[in-house]
Amino acid sequence: MRLALISDIHSNVFALEAVLSDIRRESVDVIVNLGDILYGPIAPCDTFNLLMQHEIVTIRGNQDRQIYEAQEAEIASNPTMQFILDDLGAAPLEWMKSLPATMQFNEDVFFCHGTPEDDLVYLLEDASSGSPVLRSDDDIMTLLAGNPSHLICCGHTHLARSVSTRSNQLIVNPGSVGLPAYKDDEPWVHAMESFSHHASYAIVEGEGKSWSVNHKRIDYDVRKAVEAAKSRNRDDWVSFLSTGRAVN
């Protein structure tokens, strides 16, 4: 089986177009979207419409929930959220609500956004120091919570990484299609950085306990994404998108 893993598009239709174009040349069996799809100041509705033109296995992320669970106070205090809701309309919200949080794709393969049990927790990295550090094997095994799948595909951190555990399980995070860096203050202040503006995704191929991984970085016209973010007064996103760094 040959899978293309995409994650954390964050409304960046320009990066998504480039990634899907590259995937077409890869002759994959299945495209998998690991969540955090439409949240962002770039092009939520255009991103949704592009995804609807393709057959993609999709789960939701924490910021997909954030959109359709948003209350009046959050919308009023968050101009980006107001823009997203105005841009999307009803159909994309219903689509996001219908998505599963995780998916046991087959006996060998499992999909989640964060961990198998929590879409807000990083599976492979501990960022409590302010910067991401690879978790110990014991900590990763604890977060897997007994999931026996040979291949576990996750997102959420925006960092491309492949890790083999002592249980001979392979965990693959394809990185972020649309947002190569960010800062967050929950549950602690921290920054995630890829140090490149490129869109990121992964190809995994194999079966059973044997899988190969090809992490790919795709160039695209980042200026269009930067212009969209700038037009919505998101100078932080301008920096994240153009540099892949979460600078002060």
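Only a predicted model underlies this, so the values are computations on that prediction, with no experimental measurement involved.
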Parallel, tilted or perpendicular: ring planes of H113 versus H156, cut at 30 and 60 degrees: tilted

S11 (side chain) donor-acceptor with G40 (main chain) under 3.5 angstrom: yes

Single-linkage hydrophobic cluster, 4.5 Å side-chain cutoff, L159 and V121 together: no

Residue that, paired with P44, satisfies side chain to side chain contact (heavy atoms under 4.5 Å, CB included) out of L85, D86, I84, T80: I84

Joint hydrophobic cluster, F110 plus Y122, side-chain heavy atoms closer than 4.5 Å: no

Check: F240 ring centre within less than 6.0 Å of H10 ring centre: no

R232 side-chain N/O to I42 backbone N/O, donor-acceptor pair under 3.5 Å: yes

N/O donor-acceptor pair under 3.5 Å between D29 side chain and R2 backbone: yes

Expected output: side-chain S210 to main-chain G206 donor-acceptor under 3.5 Å: no

Joint cluster assignment, M52 & L99, ILVMFWY side-chain distance < 4.5 Å: yes

From CA spacing to verdict: salt bridge (charged side-chain N to carboxylate O under 4.0 Å, His left out), R65, D119: CA-CA 10 Å; R65 288 193 298 103; D119 64 11; 2.7 Å; yes

Whichever hydrophobic residues join V57 through chains of side-chain contacts under 4.5 Å: M1, L3, L5, V30, V32, L34, I59, M103, F105, V109, F111, L151, L170, V172, V204, W211, V213

Connected via hydrophobic side-chain network under 4.5 Å: V222 and Y201: yes

Check ion pair K224-E227 (N to O, under 4.0 angstrom): no

Side-chain (R60) to main-chain (P100) donor-acceptor, under 3.5 angstrom: no

Single-linkage hydrophobic cluster, 4.5 Å side-chain cutoff, Y182 and V189 together: no

Exam field: side chain D126 to backbone R135, donor-acceptor pair closer than 3.5 Å: no

Within-4.5 Å side-chain heavy-atom neighbours: L124 and T157: no

Donor + acceptor pair across side chains of N173, H158 (<3.5 Å): no

Closest approach of H198 to P180 (non-hydrogen atoms, all atoms of both residues): O-CB, 4.3 Å

Main-chain N/O of D139 paired to S136 side chain as donor or acceptor, under 3.5 Å: yes

Heavy-atom side-chain proximity of H197 to D219 below 4.5 angstrom: yes

Polar side-chain atom of D64 near backbone of G61 as donor-acceptor pair, under 3.5 Å: yes

